[in-house]
Number of protein chains: 2
Amino acid sequence: MSLTLADAIERHILALLEEHGEAALQRVEVARLYDCAPSQINYVLATRFTPERGFVTESRRGGGGYIRIVRAGRPELPQLAAALRQAAEGVSEAVAIAVVARCSASGWLGEREAQMLAAMLRRDVLALPLPERDLLRARLLAAALLSLGQGR
Amino acid sequence: MSLTLADAIERHILALLEEHGEAALQRVEVARLYDCAPSQINYVLATRFTPERGFVTESRRGGGGYIRIVRAGRPELPQLAAALRQAAEGVSEAVAIAVVARCSASGWLGEREAQMLAAMLRRDVLALPLPERDLLRARLLAAALLSLGQGR
DNA sequence: TGGGTGTTTGACCTTTCCTGACCTTATTAT
DNA sequence: ATAATAAGGTCAGGAAAGGTCAAACACCCA
């Protein structure tokens with residue numbers, strides 16, 4: 001049960017989250033603190049603070065750059081979104097419309113939100129050849145539902 | 001999170017806008033106030049007070065010169081959508097976010113709708129190679145805004 | 001022992017910020 | 001008129017972040 005560097009950094013970030021409700025950090029600083037390559041921070045974010053696990057990250061480059069991690073709120077929608085993301089075969093237009101309709105009916109999506117989503121997920125808007133199109137649609141739907149899970 | 005010089009100047013201008021409905025300033029004065037190069041003001045204007053974000057700037061050179069910044073009126077959704085669709089180069093993530101923010105600020109998009117759109121238009125969600133990615137983003141954004149324009 | 005999974009690094013890239021040298025335009029003094 | 005002066009504009013370039021990706025490494029476990 002060796003504590004890897006990645007684990008240590010994960011705890012570091014979790015502690016910050018616990019204490020302040022959000023974790024704001026500078027990549028180089030954390031890297032220096034743990035004496036590792038800066039890209040190691042990206043690895044930790046990519047493997048542990050993913051949307052599937054209920055985290056949202058935001059960052060800015062350049063002078064005064066930063067990385068911010070926050071917890072996503074309600075668990076139900078993110079789970080639905082995670083399921084969608086794992087739909088490796090992608091999501092057809094018909095299925096997507098059905099999902100949107102169900103979310104709308106149950107109150108998760110407003111009338112306008114549902115309409116907007118449906119418009120964006122159309123075949124002719126995505127306009128990609130078929131294996132990729134359904135995959136993209138799945139990613140879009142997942143991103144949309146996930147984003148709602150984080151309140152605000 | 002470090003406030004950069006550009007951020008500080010942005011706030012300065014926003015405060016003026018908030019207070020007087022417009023911001024009229026002299027480039028050298030502001031530069032002196034923040035102890036920076038005058039061209040820094042142009043940088044702030046070029047990156048933050050753009051048409052995409054709903055600002056209009058006007059200026060005059062020579063003696064008695066000035067810079068004036070005002071908020072633009074409410075954008076017309078169908079026209080915005082048409083412009084987006086015809087953007088031959090596509091739409092970068094930065095521009096897309098700016099457009100969404102502007103529509104949100106002007107009341108066309110609700111908070112949740114803006115959040116959802118921003119999440120869907122991210123690079124890593126679209127996940128396509130670069131010429132196509134920006135084109136797809138343009139189509140998605142246009143479809144979304146247009147769908148709302150229809151409902152009126 | 002060999003293959004798979006997860007970790008770590010380093011080289012290279014993109015974005016953002018900020019300045020300084022040089023240019024253009026308007027006003028004012030001669 | 002012309003020259004001096006007083007604005008603002010442009011652009012290239014350097015510095016300061018964070019991002020990406022492939023390759024090397026490490027640790028299981030059949």
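Here is how names work: the chains are called A, B, and so on, in the same order as the sequence lines, proteins then strands, and each is numbered from 1. The figures here come from the full heavy-atom set of this structure, side chains too, leaving out hydrogens, waters and symmetry mates.
The pair R122(A)-E93(A) does not count as a salt bridge, with every side-chain nitrogen at least 4.0 angstrom from each carboxylate oxygen.
Atom CZ in R27(A) sits roughly 12 Å away from atom C1' in dT9(C) (whole-Å rounding). For the pair L130(B) CG and dT15(C) C1', the computed distance is 13 Å after rounding to whole Å. Note: CD (Q26(B)) to C1' (dG9(D)) measures 16 Å, nearest angstrom. For the pair E93(B) CD and dT14(C) C1', the computed distance is 13 Å after rounding to whole Å. When the C1' atom of dG6(C) is taken as reference, atom CD of Q40(A) falls 11 Å away, rounded to whole Å. Following rounding to the nearest Å, I97(B) (CD1) and dT16(C) (P) show an atom-to-atom distance of 11 Å. Residue L3(A) contributes atom CG, which lies 14 Å from atom P of dC27(D) at whole-angstrom precision. Atoms CG (N42(A)) and P (dA11(C)) sit 17 Å apart, rounded to a whole Å.
In terms of polar N and O atoms assigned as donor or acceptor, the side chain of T4(A) never comes within less than 3.5 Å of the base of dG6(C) in a complementary pairing. Checked by distance alone, R61(A) brings a side-chain donor or acceptor within 3.5 Å of a matching partner on the base of dT14(C).
Map L25(B) and D124(B) each onto its nearest nucleotide of DNA chain D; the residue landing nearer the 5' end is L25(B). Of the residues near DNA chain C, T47(A) and P38(A), the one whose nearest nucleotide (by heavy atom distance) lies more toward the 5' end is T47(A). Residue D7(A) is the one, among R48(B) and D7(A), whose nearest nucleotide of DNA chain C lies closer to the 5' end (criterion: closest heavy atom).
Side-chain contact between F49(A) and I13(A): present, with at least one pair of heavy atoms (C-beta onward) separated by less than 4.5 Å.
Across every non-hydrogen atom of A31(B) and P38(B), the tightest pair is CB-CA, 3.7 Å.
Considering only the side chain of V28(A), dG18(D) comes nearest among dG18(D), dG9(D), dT19(C). Side chain of A6(B), nearest nucleotide from dC18(C), dG8(D), dG18(D): dC18(C). Checking dT19(C), dT9(C), dG8(D) against every side-chain atom of A37(B), the shortest atom distance belongs to dT19(C).
When heavy atoms are screened at a 4.0 angstrom cut-off, S39(B) is found touching base atoms of the nucleic acid. Within the nucleic acid shown, G65(A) comes within 4.0 Å of sugar-phosphate atoms alone, with no base atom in reach, counting heavy atoms only. Nucleic acid contact for I41(B): none, since no nucleic acid atom lies under 4.0 Å from a heavy atom of the residue.
A donor-acceptor pair shorter than 3.5 Å can be found between the side chains of T4(B) and D7(B).
Here the side chain of Q115(A) pairs no donor or acceptor atom with the backbone of R112(A) at under 3.5 angstrom.
The shortest distance between the side-chain N/O atoms of Y43(B) and the OP1/OP2 oxygens of dC17(C) is below 4.0 Å.
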